[in-house]
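See structure below.
The figures that follow rest on heavy atoms only: side chains count, while hydrogens, waters and symmetry mates do not.
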Amino acid sequence: MCAVSEQQRVQQQRIMQVLQYLEQHLDEAIDVQKLAEFACYSPYHFHRIFRVYTGESVCGYRQRLLLERAAKQLKFDGAPITEIALNCGYDNQSSFNKAFKKRFACTPGEYRQSLNRETLSRPQLNQIVSAEQHRRGVMNAKMDTASRKLAVKIVERVALQLYCSRALGDYQNAASQAWSSMMRYAYGQKLMTPKVEMFGICLDDPTVTEPNRIRYQAGLNLLSHPVPQSAQGEVFISELAGGRYAMAVHRGAYDNLNQTYEYLFSIWLEESGEQLRDTPCFERYLNRDPRRTKPENLKTEIYIPLR
């Protein structure tokens, strides 16, 4: 594998700063001139470089994230479709319906009814569940509630500034790539200590986002080191949101994390009456060195954001 040049590292860091800005200001109109200046490029070159690193235009990237957020709201929020359309920046439901159908091969109303999947045609159903199958595999939807029952706690967390590395792709490969970059940086900078906390943040819902576009972030909370305003190359500083969360401990292989998520979202959330908050779920890995730990001995805290 060819070494990454210093110029490439600088470009990666600049584009990552732009992505973070877009994600944090998703409801604001795009000012390309401002984004280009933020990334230290001319508007002409900025468009080209952004597409090279993301595979999408700036507007296309923002529209996709808005539509995927809308899909999650349709799934977990009872708000009227018109209200969700307005929150996505569409002046009317007709325009929203057209954009949504182009992205998900069904209308927002059909998507909301997709829990009763018999109402959808086979092509529509395949489009909706393809990412879900990739992330969760083929699972028994009527799993034994008693066997999956977990102790779930409601906790308050403070916001944390983390050293992060991001990768795109299906959950397993993206996590491996992100942690490889993260650990290479941390050990190279002599930042690792026994007190370091390790977090995994999946910024997208794998049941909504196409597998090759899922964003996974590996994060380190280096308790004994002050967090700088910026890092280097593939590593950047990002905030892990504080607030109210449901927390459950998953015991066992990472490959089976999907089963705990399935329980939390399909059973616990409904029974608890709680509502989701619009911020990513995250995982806290409790084993010092997962590579040297037997899969059955792995322990992972899963955090689900609540209102």
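The closest side-chain heavy-atom distance from L162 to S238 is not below 4.5 Å. Taking the side chain as every heavy atom from C-beta outward, Y263 and H250 never approach each other to under 4.5 Å. Within the 4.5 Å cutoff, the side chain of F236 has no heavy atoms near those of the Q17 side chain. Residues L74 and I81 meet the side-chain proximity criterion, which asks for heavy atoms closer than 4.5 Å. In this structure the side chain of E83 never reaches within 4.5 angstrom of the side chain of Q73, judged on heavy atoms. The closest side-chain heavy-atom distance from R64 to T209 is below 4.5 Å. Looking at heavy atoms from C-beta onward, F199 lies out of side-chain contact with L220 at the 4.5 angstrom threshold. A heavy-atom distance below 4.5 Å is not found between the side chains of K299 and T293.
Legend: salt bridge (charged side-chain N to carboxylate O under 4.0 Å, His left out) pairs involving residues 25-37, not counting sequence neighbours, sorted by first then second residue: D27-R69. Sequence neighbours left out, the pairs with a member in residues 56-78 that pass ring pair (Phe, Tyr, Trp, His ring centres under 6.0 Å) are F50-Y61, F76-F265.
One hydrophobic cluster, built from ILVMFWY side chains closer than 4.5 Å, cannot hold both L168 and Y21; they sit in different ones.
Electrostatic pairing of E68 and R213 does not count as a salt bridge here, judged by no charged N lying under 4.0 Å from a carboxylate O.
The structure places CG of L306 at 12.5 Å from CE of M247, a figure rounded to the nearest 0.5 Å. Here E110 contributes atom CD and N97 contributes atom CG; the two are 9.5 Å apart, rounded to the nearest 0.5 Å. In this structure, CG on L191 lies 6.0 Å from OH on Y185, to the nearest 0.5 angstrom. In this structure, the separation between CG on L276 and CZ on R307 is 8.0 Å, given to the nearest 0.5 Å. A distance of 10.5 Å separates CD in E210 from CG in D204, rounded to the nearest 0.5 Å. Once rounded to the nearest 0.5 Å, the distance linking CD1 of I49 with OH of Y41 reads 4.0 Å.
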- side-chain contact (heavy atoms from CB on, under 4.5 Å) between Y111 and V208, intermediate numbers included: CA-CA 11 Å; Y111 190 92; V208 173; 3.4 Å; yes

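The number of heavy atoms from other shown groups lying within 6.0 Å of CZ (R292) does not exceed 12. For R291, the CZ atom sits in a loose shell: 12 or fewer heavy atoms of surrounding residues, nucleotides or ligands are nearer than 6.0 Å. Heavy atoms from other residues, nucleotides or ligands lying under 6.0 Å from CD of Q172 number 12 at most.
A search for salt bridge (Lys or Arg N to Asp or Glu O under 4.0 Å) contacts involving R284 returns E197, E301, not counting sequence neighbours.
A donor-acceptor pair under 3.5 Å links the side-chain atoms of D170 to the main chain of N173, judged by distance alone. Using a distance-only test at 3.5 Å, with no hydrogens or angles considered, a donor-acceptor pair links the side chain of N92 to the main chain of S95.
Using modelled atom types, one finds no donor on one side chain facing an acceptor on the other under 3.5 Å when comparing E234 with S165.
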